[in-house]
There are 2 protein chains.
Amino acid sequence: MDDQLVKKPSRIQRRNRRRILDAALDVFSAHGFRGATLDQIAEQAGLSKPNILYYFDGKEEIHVTLLSQLMETWLDPLIALDPQGDPLTELLAYVQRKLDMSRDLPRESRLFANEILQGAPRMDPHLRADLKPLFDDRCVVIQAWMDAGKLAAVDPRHLIFSIWATTQHYADFQAQIEVLLEGQDPIDAASQFLQTMFRNLLTPADTGAAHRPGVI
Amino acid sequence: MDDQLVKKPSRIQRRNRRRILDAALDVFSAHGFRGATLDQIAEQAGLSKPNILYYFDGKEEIHVTLLSQLMETWLDPLIALDPQGDPLTELLAYVQRKLDMSRDLPRESRLFANEILQGAPRMDPHLRADLKPLFDDRCVVIQAWMDAGKLAAVDPRHLIFSIWATTQHYADFQAQIEVLLEGQDPIDAASQFLQTMFRNLLTPADTGAAHRPGVI
DNA sequence: TCGTGTATTTACCAAATGGTCAAAAACACG
DNA sequence: CGTGTTTTTGACCATTTGGTAAATACACGA
């Protein structure tokens with residue numbers, strides 16, 4: 001019949017799997033793994049619970065599938081960091097890409113945050129296998145830039161942490177930010193602020209003054 | 001008998017309530033509200049489940065009690081910001097206090113993060129009633145410092161966000177950091193890094209060079 | 001030591017939840 | 001249209017979970 005081990009999924013299969021994963025992303029990101037229920041996911045997806053279990057082996061598999069897909073999306077901006085590019089430009093662009101992701105993919109950010117918060121029980125292998133090597137490599141690249149005097153010398157690891165922390169904050173702590181900012185769109189102002197902060201941090205001392213806000 | 005409406009709790013009551021809250025902090029911070037079970041809390045506290053419900057009206061009340069207590073702790077460092085002090089010193093000390101809290105009270109940080117991540121369903125009133133006014137007041141103070149030329153001019157709100165994000169990151173994303181840093185204590189290095197970053201950001205342009213790392 | 005209010009446990013319960021299964025319905029296609 | 005396959009459903013099930021009621025054990029002052 002088919003010489004492939006796995007039949008290629010039908011149109012209906014693709015559509016329903018996509019619906020389920022999208023609904024699951026909604027629910028998991030809002031309530032965490034244990035807080036999410038199959039009934040919620042089913043309702044959100046517009047399918048019955050047994051129908052969902054026809055497409056996935058169980059709650060766990062849905063979650064794992066989401067996390068695997070997420071890891072790719074999550075690494076992208078860091079992969080896009082070009083060792084041949086201009087150091088300061090590259091890093092500021094990286095900050096912007098991460099911030100854009102907080103605006104465009106807040107559910108994914110919260111799914112990730114939920115998983116890490118709870119000790120990364122399902123994602124730990126991914127972190128070690130995928131994120132760690134990339135992280136180490138990027139630290140070497142950044143360190144080389146600093147050694148060449150093209151960036152102010154700071155700990156590259158904590159630099160990356162601070163970029164992650166400040167950008168993802170706008171997605172993960174959105175509920176708090178909405179209370180404190182009363183409905184203004186925070187991302188534009190955040191972009192200004194973060195670009196200033198990281199430019200000031202990273203501009204090497206001998207390259208002339210950092211671009212100070214309020215000072216042209 | 002007693003002219004007070006509420007009898008003062010016995011020694012046993014105080015001890016057991018403390019045990020329960022401590023156990024609940026463990027469990028809630030590790031699994032979130034819905035992921036935590038009374039059985040887990042009971043076992044962790046060394047009490048039976050009905051015994052726990054003898055001291056608290058239900059799971060919800062335990063959680064709410066924790067969040068209320070947490071809010072005080074959480075506001076403390078911001079309250080301690082002295083409008084009369086030296087601006088740069090005050091803000092850098094604030095960063096340090098927040099970072100110390102990430103090291104000393106990681107469970108509390110994760111409890112808070114969990115709650116906000118899920119949309120702050122139980123904490124929203126506290127945020128509006130307690131955090132928001134303090135936040136607004138501190139923004140005014142910081143803005144005044146900037147207007148007086150004692151700090152570089154940036155958006156005070158996003159400045160505070162970035163301090164929260166970078167410091168709490170070390171508690172909330174500990175699982176990830178442990179994978180990436182392989183067991184070194186990150187807080188000391190983080191302290192160096194963050195002090196440098198925020199000093200560079202906040203030192204006003206005309207006050208002489210910011211303290212650049214690697215440059216004495 | 002006794003009696004009374006406090007503390008703890010044992011045995012439950014109802015609802016929620018992840019999951020199963022067989023049969024029905026819908027569908028693709030010659 | 002008819003037939004074989006895929007998809008969907010309704011009825012169920014076992015376990016977990018938050019919570020209760022009543023009985024028992026305990027502390028401690030009179």
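Each chain gets a letter, A, B and so on, in the order the sequences are listed, and its residues count up from 1. Excluded from the calculations below are hydrogen atoms, water molecules and symmetry mates; all remaining heavy atoms, backbone and side chain alike, are included. A quick note: this is a predicted structure, and the numbers were derived from the prediction, not measured.
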The contact string for nucleotides 7-13 of chain D, one letter per nucleotide 5' to 3', using protein heavy atoms under 4.0 Å with B, S and - for base, sugar-phosphate only and none, comes out as BBBB---
Report yes if some heavy atom in the side chain of A/D76 is under 4.5 Å from a heavy atom in the side chain of A/E72; otherwise report no. no
Base, sugar-phosphate, or nothing for B/A42, non-hydrogen atoms under 4.0 angstrom? nothing
What is the ring orientation for B/Y170 with A/F161, classed by angle as parallel under 30°, tilted 30 to 60°, or perpendicular over 60°? perpendicular
Polar side-chain atom of B/Q195 near backbone of B/Q192 as donor-acceptor pair, under 3.5 Å: no
Hey, are the side chains of A/L88 and A/L91 touching, using non-hydrogen atoms and a 4.5 Å cut-off? no
When we call it a touch if two heavy atoms are under 4.0 Å apart, what does A/L53 touch: a base, just sugar-phosphate, or nothing? base
Is the charged tip of A/R157 near the ring of A/F135: under 6.0 Å from the six-membered ring centre and within 45° of its axis? no
Report yes if at least one side-chain N or O of A/R34 is closer than 4.0 Å to OP1 or OP2 of C/dG18; otherwise report no. no
Protein-nucleotide distance (B/F56, atom CZ; C/dT8, atom P), rounded to Å: 13 Å
Walk me through it: do B/L21 and B/L25 pass the test side chain to side chain contact (heavy atoms under 4.5 Å, CB included)? CA-CA 6 Å; B/L21 288 175; B/L25 180 56; over 6 Å; no
Length of the CD-P vector between A/E43 and C/dT17, whole Å: 12 Å
